[in-house]
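See below for the structure under consideration.
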Amino acid sequence: MKAPVRVAVTGAAGQIGYSLLFRIASGEMLGKDQPVILQLLEIANEKAQQALQGVMMELEDCAFPLLAGMIGTDDPNVAFKDADYALLVGARPRGPGMERADLLQENAKIFTVQGKALNDVASRNVRVLVVGNPANTNAYIAMKSAPDLNPNNFTAMLRLDHNRALSQLAAKTGKAVTDIEKLTVWGNHSPTMYADYRFATIDGQSVKDMINNHEWNRDVFLPTVGKRGAAIIAARGLSSAASAANAAIDHMHDWALGTNGQWVTMGIPSDGSYGIPKDVMFGFPVTCENGEYKIVQGLEIDEFSRERINVTLNELEEERAGVAHLLG
Ligand SMILES: NC(=O)c1ccc[n+]([C@@H]2O[C@H](COP(=O)([O-])OP(=O)(O)OC[C@H]3O[C@@H](n4cnc5c(N)ncnc54)[C@H](O)[C@@H]3O)[C@@H](O)[C@H]2O)c1
Ligand SMILES: O=C(O)C[C@H](O)C(=O)O
């Protein structure tokens, strides 16, 4: 049996938390041979702490063989102590009629505090996934607030967009999601994201050639994927939760256990690839091996794609300017 690893989850009593924790504890994230200790953070509010206790009681009642321990706390320095993985979910979600950017000022402060706490107490190799919106800029804030940690270990969740795009393409081509390879989503987790199937293949055949319809790409596919979060809020009255938790599991699973050469999308600090300025937290195509991700290099960026990438990049640069005052 492997030694347990410590997994910190913030916003643990929220909607996503409720879909996420049970799957982490059952081994779906880090493997069926990897015991975990859950370190759960909620705000210092009686109702939230009580709800957290309830979730922990349910986790106990599952008698998960891999759940080696569990704590609940309102103190980030306790939740992140020696954490090997940190899933930063806790933040306010948007409601009907709001854009994710509306959450910027409200949620940004959380990530300066939590970045600093990670810096002070987490494992020196902690792998961080930010889910709370606006996810890219929050991940950027956390990274910048943790100067002693490896900046490449701070990531933002674009995987839900990636999975949404996969499912739209499977429906369009009549193939299974598992048949589709080499898809990616560039940029920000927002309606400006650019889901790009120009390199995607099914059984070695080009998906772009199979669909062969630029108008469908521009007028149906991209808006459907980009506005899917809002469509779910309109339908449920609440933002996506189970699909978001599923994407978080996929992201961490693939980062920790590898993708066998398959492409996935992760929001990561740019190393300058594809002309994206260094440090911008940007969705890129990556492969993962031995716990490290690597950007897929050498892809051609045509004019339509460059325009799309610039739009999402500009939005991220604006968000970054909007929170500069928090980063001193
Ligand atoms: N990146 C993505 O693809 C994606 C997808 C879906 C949702 N989200 C975002 O995830 C976040 C959580 O969504 P949800 O539906 O679970 O919301 P929710 O309101 O149900 O739960 C959020 C929880 O976080 C807690 N929280 C707030 N501030 C905290 C802090 N500083 N420390 C610890 N906990 C804190 C709240 O008390 C609450 O219990 C939202 O920002 C939402 O927009 C992102
Ligand atoms: O859209 C939202 O606000 C929630 C989430 O980011 C989503 O994409 O479903």
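As the structure lists them, so they are numbered: ligands from 1, and atoms in each ligand from 1.
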Heavy-atom nearest option to [atom], drawn from [options]:
atom: atom 17 (O) of ligand 1; options: G11, S190, P93; result: P93
atom: atom 32 (N) of ligand 1; options: M98, Q114, E42; result: Q114
atom: atom 7 (C) of ligand 2; options: M193, K227, R164; result: R164

Considering the heavy atoms of [X], write down every atom of ligand 2 situated less than 4.0 Å from one of them.
X: H189; answer: 5 (C), 6 (O), 7 (C), 8 (O)
X: R94; answer: 1 (O), 2 (C), 3 (O)
X: G229; answer: 1 (O), 7 (C), 8 (O), 9 (O)

Problem - Intermediate values then yes/no, ring pair (Phe, Tyr, Trp, His ring centres under 6.0 Å), F221 and Y197 - result: CA-CA 10 Å; F221 174 71; Y197 61 78; 5.1 Å; yes

Practice task
Run the contact test for S239 against ligand 1 with a 4.0 Å cut-off on heavy atoms, strictly below, and give the result.
Solution key: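 So S239 counts as touching ligand 1.
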
Using a 4.0 Å cut-off to any heavy atom of [X], which atoms of ligand 1 qualify?
X: A244; value: 5 (C), 6 (C)
X: G132; value: 9 (C), 10 (O), 11 (C), 41 (O)
X: V89; value: 10 (O), 11 (C), 12 (C)
X: R92; value: 40 (C), 41 (O)
X: H189; value: 1 (N), 2 (C), 3 (O), 4 (C)
X: L160; value: 3 (O), 5 (C)
X: S240; value: 5 (C), 6 (C), 7 (C)

Practice task
Quick one: look at I110 and ligand 1, take heavy-atom pairs under 4.0 Å, and tell me if it's side chain, backbone, both or neither.
Solution key: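 The answer is the side chain of I110.
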
Of the protein's non-hydrogen atoms, which lies at the shortest distance from [atom], and what is that distance?
atom: atom 15 (O) of ligand 1; answer: Q15 NE2, 2.8 Å
atom: atom 1 (N) of ligand 1; answer: V131 O, 3.2 Å
atom: atom 29 (C) of ligand 1; answer: I43 CG2, 3.4 Å
atom: atom 21 (O) of ligand 1; answer: G14 CA, 3.2 Å
atom: atom 22 (C) of ligand 1; answer: A91 O, 3.6 Å
atom: atom 7 (C) of ligand 1; answer: I16 CD1, 3.4 Å
atom: atom 8 (N) of ligand 1; answer: N133 ND2, 3.4 Å

Donor on one side chain, acceptor on other, [X] and [Y], under 3.5 Å:
X: E319; Y: Y140; answer: no
X: T155; Y: H251; answer: yes
X: N163; Y: D250; answer: yes
X: D271; Y: S273; answer: yes
X: T192; Y: E315; answer: yes

Problem - Heavy-atom neighbours of Q297 CD exceed 12 at 6.0 Å - result: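 Check passes, neighbour count above 12.
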
Exercise for the section: Answer yes or no: are there more than 12 heavy-atom neighbours, outside E317 itself, under 6.0 Å from its atom CD? Expected result: yes

Which heavy atom in [X] sits nearest to a heavy atom in [Y], and how many Å separate them?
X: L316; Y: G187; value: CD1-C, 4.1 Å
X: R94; Y: E99; value: NH1-OE1, 3.4 Å
X: I233; Y: S239; value: CG1-CA, 3.5 Å
X: M193; Y: G226; value: CE-CA, 3.9 Å
X: G115; Y: A146; value: O-CB, 3.4 Å

Practice task
Would you check the N or O atoms of V130, main chain and side chain alike, for any that come under 3.5 Å of an N or O of ligand 1?
Solution key: no

Problem - T10 N/O under 3.5 Å from ligand 1 N/O - result: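 It does not: no N or O of T10 is found under 3.5 Å from an N or O of ligand 1.
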
Handout entry: Nitrogen or oxygen atoms of D161 and ligand 2 under 3.5 Å apart
Key = no

Exercise for the section: For ligand 2, find out whether one of its N or O atoms is nearer than 3.5 Å to an N or O atom of N133. Expected result: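 Right, the criterion is met.
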
Handout entry: For ligand 2, the portion of I233 having any non-hydrogen atom under 4.0 Å away
Key =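 Side chain only.
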
Problem - Region of R100 engaging ligand 2 - heavy atom pairs below 4.0 Å - result: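 Near ligand 2, R100 shows its side chain, while the N, CA, C and O stay back.
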
Practice task
Take the angle between the ring planes of F284 and W186 and call it parallel below 30°, perpendicular above 60°, tilted in between.
Solution key: perpendicular

Practice task
Answer whether the closest heavy-atom distance between the side chains of M157 and L129 falls below 4.5 Å.
Solution key: yes

Exercise for the section: Using the test salt bridge (Lys or Arg N to Asp or Glu O under 4.0 Å), find all partners of E28 that sit at least two apart in sequence or belong to another chain. Expected result: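 For E28, the residues satisfying salt bridge (Lys or Arg N to Asp or Glu O under 4.0 Å) (neighbours in sequence not counted) are R23.
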
